[in-house]
Chemist: 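Quick one: the structure is below, and I'll ask about it shortly.
Each ligand, and each atom within it, is numbered from 1 in the order the structure gives.
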Amino acid sequence: MQYIPAFSKLVEEFEKLPGIGSKSAQKMAYYIITSDKSVAKSFSDALLDAKQKIHCCRICQNITDKDICSLCADEKRDKSVICVVEKPSDIDAVERTRDYNGMYHVLHGLISPMNDVGPDDVKLSELLVRVSENDVREIIMATSPNVEGQATAMYIAKLLKPFDVKVTGLALGIPVGGSLEYSDSITLARAIENRREI
Ligand SMILES: [Zn+2]
């Protein structure tokens with residue numbers, strides 16, 4: 001294939017996206033350059049618009065276009081329970097169970113020494129501030145049941161020991177090595193209901 005710098009650059013950018021391999025990246029790049037100019041324009045506008053308007057919620061670190069997200073702003077939710085998840089899409093998974101009425105905290109990652117991700121690389125200090133400044137009685141560690149998820153849950157449970165707060169983890173039921181976001185709602189609801197102290 002002939003080398004066209006602008007095309008290679010476009011492929012390279014698509015390849016950076018999670019879950020996109022070089023074949024898919026090439027397909028996307030071909031699609032963009034063979035489509036009408038308006039397609040590329042609305043795509044790049046949407047990228048920049050989302051990036052400019054969306055940021056992390058001041059309280060729970062969920063993504064929002066407001067100062068605080070709709071879940072934190074909801075007066076009917078139980079402020080004394082915080083469910084800790086890895087990423088914003090995990091909130092959707094828990095919300096789909098329609099069984100949980102507490103608050104959330106999004107870590108934006110999992111602690112993984114093997115991948116050079118330490119406690120300071122996730123939104124952990126924000127959680128400690130919330131626990132120390134508010135009347136929180138329970139933290140539910142709902143990180144995925146894989147190695148990093150469990151290690152993160154144990155690490156956070158240890159950090160929270162000095163606080164007067166119960167730390168629980170999801171009950172088994174979610175396949176080990178699986179991801180919260182792909183668990184079915186009934187299994188996840190049961191795992192939350194049968195959570196155990198860690
Ligand atoms: Zn929030």
Side-chain angles (χ1 to χ4, degrees), residues 17-18 46-112 117-146 148-171 174 179-185 187-189 191-193 195 197-198:
L17 301 176
L47 278 177
L48 290 174
D49 193 46
K51 198 61 203 158
Q52 271 160 10
K53 290 184 180 152
I54 301 174
H55 49 257
C56 290
C57 167
R58 186 163 52 80
I59 298 171
C60 74
Q61 312 300 320
N62 184 17
I63 53 168
T64 179
D65 58 356
K66 312 252 168 25
D67 180 34
I68 60 172
C69 75
S70 56
L71 291 162
C72 287
D74 187 347
E75 284 299 324
K76 291 193 212 80
R77 297 194 76 109
D78 182 355
K79 301 255 188 296
S80 70
V81 185
I82 299 177
C83 178
V84 178
V85 294
E86 176 192 347
K87 50 192 184 303
S89 54
D90 292 336
I91 290 184
D92 301 331
V94 177
E95 284 298 289
R96 274 197 301 271
T97 67
R98 297 169 180 275
D99 234 20
Y100 177 71
N101 191 41
M103 311 300 284
Y104 290 95
H105 189 87
V106 186
L107 293 171
H108 291 277
L110 293 172
I111 299 169
S112 171
V117 185
D120 294 340
D121 299 316
V122 298
K123 306 274 186 191
L124 181 52
S125 54
E126 290 84 350
L127 175 65
L128 296 181
V129 170
R130 281 179 82 182
V131 173
S132 63
E133 289 180 354
N134 299 282
D135 202 4
V136 180
R137 68 182 163 84
E138 182 178 354
I139 297 286
I140 304 172
M141 290 304 311
T143 45
S144 295
N146 51 33
E148 284 94 2
Q150 292 315 292
T152 303
M154 297 315 285
Y155 183 87
I156 293 177
K158 220 166 149 188
L159 276 187
L160 290 171
K161 276 264 155 20
F163 297 95
D164 183 25
V165 61
K166 187 161 108 180
V167 184
T168 56
L170 296 186
I174 300 173
S179 162
L180 205 70
E181 123 188 71
Y182 302 121
S183 311
D184 70 274
S185 295
T187 308
L188 185 54
I192 296 171
E193 205 177 294
R195 62 188 183 271
E197 202 153 346
I198 50 175

Chemist: Would you find more than 12 non-hydrogen atoms of other residues, nucleotides or ligands less than 6.0 Å from D135 atom CG?
Modeler: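 For D135, atom CG is not crowded (no more than 12 foreign heavy atoms under 6.0 Å).
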
Chemist: Are there any protein N/O/S atoms under 2.8 Å from the Zn ion (ligand 1), and if so, which?
Modeler: C57 SG, C60 SG, C69 SG, C72 SG

Chemist: Within a reach of under 6.0 Å around NZ of K166, are more than 12 heavy atoms found that belong to other residues, nucleotides or ligands?
Modeler: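 At most 12 heavy atoms, drawn from other residues, nucleotides or ligands, come within 6.0 Å of this atom.
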
Chemist: Could you tell me whether D164 atom CG has more than 12 heavy atoms of other residues or ligands within 6.0 Å of it?
Modeler: no

Chemist: Any sub-3.5 Å donor-acceptor pair from Q150's side-chain atoms to S144's backbone N or O?
Modeler: yes

Chemist: Tell me, yes or no, whether the heavy-atom count around I198 atom CD1, taken from other residues, nucleotides or ligands under 6.0 Å, exceeds 12.
Modeler: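 Yes.
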
Chemist: Determine the minimum heavy-atom distance between I82 and L127, stating which atoms define it.
Modeler: CG2-CD1, 4.2 Å

